[in-house]
Amino acid sequence: MEGLFKRVSRFAVLSCLLTGGAAHADCLKGNGGVPPGANTTDASAPFYIDTAGLDFKTLPPTRDPKNANYPAATELPDGTLPESGAEGNFIIGPTHPVAPELAAQAGVPTGKVYGFTMSSNDSAVFNPGMIRDDPGGCLNASIFTAQTAPGDKSNMLVPTAHAGIWTRAVDVYVPANYAAGTEAPFIVLGDGGPKGFFNEKMFFTILDNLIAQHRVPPMVAVSIGAGGQDAQGSERGLEYDSVSGAYAEFVENEVLPLVESHANVRLTKNPDGRATLGISSSGVAAFTMAWFHPELYHRVLAYSPTVVNQQWPHNPALPGGAWEYHSQWAGPPVANMSVEGVTVSNTDAHFGSPLISNSPAKPIRVWFETGDRDLFYPAASIPDGMHDWVLADERLAKVLGDKGYHYQFLFARNAHHVDKATVQQTLPAALEWLWKGYPAQ
């Protein structure tokens, strides 16, 4: 059976194969071990990387879900998933059987798909676009060879990034039997579009089946292509990894009006009927959309969300980027720093981070997953103590639990970054969990 996601190198950050450049044999590959010059011995010093409980016989290292640095989790029998509606932390695998909802079923009505394209030239939020020149056409070469600012291992310098133009494709799934003019709930997919990382045909088949079984509401799916390239210095990175409301505002004001006109649908304004879904950087973007705009979105689903320090350009007011959702910046205290001309201090509060811990709880429901061999410092050039995906996702689970959020977090054994087998096993159940409490009709 064709996978829900297209296969990529385990060390490649997800969409780079789709966005130009070539993977030559002499190109640098992503890292999976401890970066050169990293601090792994002094936990009290800046930019510490904790390697306790990590098995480096594999690259990236295999993590033990019982690591003392992770919150407690319930281990499930191999091949099974949590009970419907269950909340908290769970361990699944190492076997990941394909969910039956991935296959088209006889007699199940199929939705219709409408498509259109968008250009950065027409955007008020992302105009101009961002393009990074990777030497020799080698994917992410600028990232793998980048330097950091003097004295700050968290601030990657990417001089090859410059303004440019991007186009993106948007596909809209409209469920069977939708009545024109009626208000519909919907889900926004990052890294989408017909050539995106998502296998849209399979995802839409899952929706057909779940809707027919009355396990989720008849929803519209808005599958939005990424801006282009990946990580620091790219349009995709700028849109997805920025810790701000910009991407949600772009979707709300520029994408959704086109969705309604091209697909002849009316999308609900009720945030309880709006969901976001993403993988890797679009996974953290899915969370960021709801975090900054809970009046727009209440439901978040993410695989291997990049809640690490990947925000670019570097923001001195939040120097750890998305890492600061759950943890403080790993760098040294800074007594005084100029932010937009105002002198501020992060000696004590690190500008209010961790953001989730230090903010009132928001009406957000979150499902997310990480793999035991998820990414670990894929760019060796930034040994900042804030690029271990598993540790980041585990800490996200910890702070969500401490604040009383409704969430389900899966640690998957025998799983890589946005692991295909794990997604094929879990996505139907994850969607059903995500929409709990909303009328399925």
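Not measured: the values here are computed from a predicted model.
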K.L.:
Contact between D191 and Y240 at the side-chain level, heavy atoms closer than 4.5 Å - yes or no?
P.N.:
yes
K.L.:
Just wondering, are more than 12 heavy atoms of other shown residues or ligands nearer than 6.0 Å to NZ in K153?
P.N.:
yes
K.L.:
Do P35 and I49 come close enough that some side-chain heavy atom pair is under 4.5 Å?
P.N.:
yes
K.L.:
I want to check something: taking the side chain as every heavy atom from C-beta on, are D388 and L54 in contact at a cut-off of under 4.5 Å?
P.N.:
yes
K.L.:
How about E369 and T426: does a side-chain donor come under 3.5 Å of a side-chain acceptor?
P.N.:
no
K.L.:
For the residue pair R215 and W435, would you count it as a cation-pi contact if the rule is NZ or CZ under 6.0 angstrom from the ring centre and within 45 degrees of the ring axis?
P.N.:
no
K.L.:
On the 0 to 90° scale, with breaks at 30° and 60°, tag the F116-H262 ring pair as parallel, tilted or perpendicular.
P.N.:
parallel
K.L.:
So which of S234, S281, S280 actually passes side-chain hydrogen bond (donor to acceptor under 3.5 Å, both in side chains) with D241?
P.N.:
S281
K.L.:
Would Y297 and F292 satisfy side-chain contact (heavy atoms from CB on, under 4.5 Å), going step by step from the backbone distance to the final call?
P.N.:
CA-CA 9 Å; Y297 299 97; F292 281 91; over 6 Å; no
K.L.:
If every non-hydrogen atom of S142 is compared with every non-hydrogen atom of R132, which pair is closest and at what distance?
P.N.:
CB-CD, 3.7 Å
K.L.:
Side chains of L431 and L210: closer than 4.5 Å at any heavy-atom pair?
P.N.:
yes
K.L.:
Are any side-chain N or O atoms of N199 and backbone N or O atoms of M202, one a donor and one an acceptor, separated by less than 3.5 Å?
P.N.:
yes
K.L.:
Keeping T148 on the side-chain end and S154 on the backbone end, is there a donor-acceptor pair under 3.5 Å?
P.N.:
no
K.L.:
Is the shortest heavy-atom distance from the side chain of L81 to the side chain of I92 under 4.5 Å?
P.N.:
yes
K.L.:
Regarding E249 and H293, is there a side-chain donor-to-acceptor distance under 3.5 Å anywhere?
P.N.:
yes
K.L.:
Distance from K403 atom NZ to S359 atom OG, nearest 0.5 Å?
P.N.:
7.0 Å
K.L.:
Is any side-chain heavy atom of F409 less than 4.5 Å from a side-chain heavy atom of T370?
P.N.:
yes
K.L.:
Could you tell me whether the side chain of E101 and the main chain of P428 form a donor-acceptor pair under 3.5 Å?
P.N.:
no
K.L.:
Measuring from M219:CE to L267:CG, what's the distance to the nearest 0.5 Å?
P.N.:
12.5 Å
K.L.:
Start with the C-alpha distance between T167 and N121, add both sets of side-chain angles, then the distance that settles side-chain contact (heavy atoms from CB on, under 4.5 Å), and finish with yes or no.
P.N.:
CA-CA 9 Å; T167 59; N121 279 341; over 6 Å; no
K.L.:
For side chain to side chain donor-acceptor pair (under 3.5 Å), just list the numbers for R373 and T58, CA-CA rounded to whole Å, side-chain angles, deciding distance to a tenth of an Å, and then say yes or no.
P.N.:
CA-CA 8 Å; R373 281 170 280 172; T58 64; 5.2 Å; no
K.L.:
Would you please classify the geometry between the H417 ring and the W389 ring as parallel, tilted or perpendicular, with 30° and 60° separating the classes?
P.N.:
perpendicular
K.L.:
Can you tell me how far the OH atom of Y438 sits from the CZ atom of R365, to the nearest 0.5 Å?
P.N.:
14.5 Å
K.L.:
Checking side chain to side chain donor-acceptor pair (under 3.5 Å) for the pair N89/Y407: CA distance, chi angles, key distance, verdict?
P.N.:
CA-CA 8 Å; N89 310 316; Y407 79 97; 2.8 Å; yes
K.L.:
Is there a side-chain contact between P313 and L238 in this structure, where contact means two heavy atoms from C-beta onward sitting under 4.5 Å apart?
P.N.:
yes
K.L.:
Report the C-alpha separation of N69 and D50 in whole Å, then their side-chain angles, then the decisive distance to 0.1 Å, and conclude whether the side chain to side chain donor-acceptor pair (under 3.5 Å) test is met.
P.N.:
CA-CA 9 Å; N69 291 326; D50 191 345; 3.0 Å; yes
K.L.:
Do any N or O atoms from the side chain of Y377 and from the backbone of S381 form a donor-acceptor pair under 3.5 angstrom?
P.N.:
no
K.L.:
Can you see which heavy atom on A322 is nearest to which on V243, and at what distance?
P.N.:
N-CG2, 3.4 Å
K.L.:
How about NE2 on H96, more than 12 heavy atoms from neighbouring residues, nucleotides or ligands closer than 6.0 Å, or not?
P.N.:
yes
K.L.:
Could you measure the distance from the CZ atom of F126 to the CD atom of E239? Nearest 0.5 Å is fine.
P.N.:
4.5 Å
K.L.:
Please confirm whether the backbone N or O of I279 pairs with a side-chain atom of S282, one donor and one acceptor, at under 3.5 Å?
P.N.:
yes
K.L.:
Counting only N and O atoms by type, is there a donor-acceptor contact under 3.5 Å from the side chain of T182 to the main-chain atoms of A179?
P.N.:
yes
K.L.:
Taking L301 as the fixed residue, which of T276, L427, I187 is the one that meets the side chain to side chain contact (heavy atoms under 4.5 Å, CB included) rule?
P.N.:
L427
K.L.:
Please round to the nearest 0.5 Å and tell me the distance separating atom CZ of F203 and atom OH of Y173.
P.N.:
9.0 Å
K.L.:
Check for a donor-acceptor pair, side chain of Q310 on one end and backbone N or O of G321 on the other, with a separation under 3.5 Å.
P.N.:
no
K.L.:
Would you say that V399 contacts Y325 through its side chain, given a criterion of any heavy-atom pair below 4.5 Å between the two side chains?
P.N.:
no
K.L.:
Take E87 and K436 through the test salt bridge (Lys or Arg N to Asp or Glu O under 4.0 Å) and record every step on the way to the result.
P.N.:
CA-CA 11 Å; E87 297 188 1; K436 183 181 179 182; 5.5 Å; no
K.L.:
Under a 3.5 Å threshold, yes or no: a donor from one side chain and an acceptor from the other, between N309 and H387?
P.N.:
no
K.L.:
Is there a donor-acceptor pair closer than 3.5 Å between any side-chain N or O of N209 and the backbone N or O of A103?
P.N.:
yes
K.L.:
Between D122 and N127, does a side-chain contact (heavy atoms from CB on, under 4.5 Å) hold up when you go through it step by step?
P.N.:
CA-CA 7 Å; D122 301 322; N127 185 10; over 6 Å; no
K.L.:
Heavy atoms only: give me the nearest W312-M156 pair and the separation to one decimal.
P.N.:
NE1-O, 3.2 Å
K.L.:
Check for a donor-acceptor pair, side chain of D374 on one end and backbone N or O of G371 on the other, with a separation under 3.5 Å.
P.N.:
yes
K.L.:
Look at the rings of W291 and F287 and say which category their plane angle falls in: under 30° parallel, 30 to 60° tilted, over 60° perpendicular.
P.N.:
parallel
K.L.:
Would T268 and E183 count as having a side-chain donor-acceptor pair, cut-off 3.5 Å?
P.N.:
yes
K.L.:
Ignoring hydrogens, what is the shortest heavy-atom contact between V172 and A263? Give both atom names and the distance.
P.N.:
CG1-CB, 3.8 Å
K.L.:
Between E295 and K269, is there a side-chain N and carboxylate O pair less than 4.0 Å apart?
P.N.:
no
K.L.:
Between R236 and D230, is there a salt bridge with N-O shorter than 4.0 Å?
P.N.:
yes
K.L.:
Run the side-chain contact (heavy atoms from CB on, under 4.5 Å) test on K29 and F144 for me, step by step, so that the C-alpha distance in whole Å, both residues' side-chain angles and the decisive distance to 0.1 Å come before the verdict.
P.N.:
CA-CA 8 Å; K29 302 297 188 296; F144 297 152; 5.7 Å; no
K.L.:
Could you check S223 against E200 for side chain to side chain donor-acceptor pair (under 3.5 Å), going step by step and ending with a plain yes or no?
P.N.:
CA-CA 8 Å; S223 179; E200 290 184 339; 2.5 Å; yes
K.L.:
Quick one: closest heavy-atom pair of Q229 and M130, and the distance?
P.N.:
OE1-O, 4.3 Å
K.L.:
For G225, is there any backbone N or O sitting under 3.5 Å from a side-chain donor or acceptor partner on R168?
P.N.:
yes
K.L.:
What distance do K201 atom NZ and L102 atom CG have between them, rounded to the nearest 0.5 Å?
P.N.:
12.5 Å
K.L.:
Could you report the tightest heavy-atom contact between W367 and A430, atom names first, then the distance?
P.N.:
CE2-CB, 3.4 Å
K.L.:
If you count every heavy atom of other residues, nucleotides or ligands that lies below 6.0 Å from Q147 atom CD, does the total exceed 12?
P.N.:
no
